[in-house]
Amino acid sequence: MVCIPCIVIPVLLWVYKRFLEPFLYPFISPIMNMFWTKKAVQETGTTDHKATDTSNGTCKPESNGVATANGATIAADKKTD
């Protein structure tokens with residue numbers, strides 16, 4: 001059995017997005033822009049090779065094979081044309 005809030009909350013969100021937001025957004029957006037200002041994202045021109053190899057603080061393995069369950073890698077078949 002599904003709980004009542006699991007049905008009511010999505011329906012209320014749909015009603016808000018569908019019917020209320022088009023009328024309320026012009027009044028709310030100037031107020032929200034005062035609190036959450038848009039700041040330009042600036043990327044640096046130089047990229048560090050170490051920085052591109054990390055993802056969420058972990059390093060990506062540098063192998064071109066497929067990893068097995070015990071951690072060993074199997075070399076991928078490459079075409080030698």
Does Tyr25 belong to the same Ile/Leu/Val/Met/Phe/Trp/Tyr cluster as Phe35, with side-chain heavy atoms less than 4.5 Å apart forming each link?
no
If a pair satisfies salt bridge (Lys or Arg N to Asp or Glu O under 4.0 Å) and one of its residues is in residues 20-36, list it, with sequence neighbours excluded.
Lys17-Glu21
Gap between atom CE of Met32 and atom CZ of Phe27 - 0.5 Å precision:
14.5 Å
Excluding sequence neighbours, so at least two apart, what forms side chain to side chain contact (heavy atoms under 4.5 Å, CB included) with Pro5?
Cys3, Ile9
To the nearest 0.5 Å, how far apart are CD1 in Ile28 and CG in Leu20?
9.5 Å
Tell me every residue that passes ring pair (Phe, Tyr, Trp, His ring centres under 6.0 Å) with Trp14, counting only those two or more places apart in sequence or in another chain.
Phe19
Could you identify which residues cluster with Val8, counting Ile, Leu, Val, Met, Phe, Trp and Tyr as linked when any side-chain heavy atoms lie under 4.5 Å apart, either directly or through a chain of such contacts?
Ile4, Leu12
For Phe23, which fellow cluster members are found when Ile, Leu, Val, Met, Phe, Trp and Tyr are connected by side-chain heavy-atom distances below 4.5 angstrom, either directly or through intermediates?
none
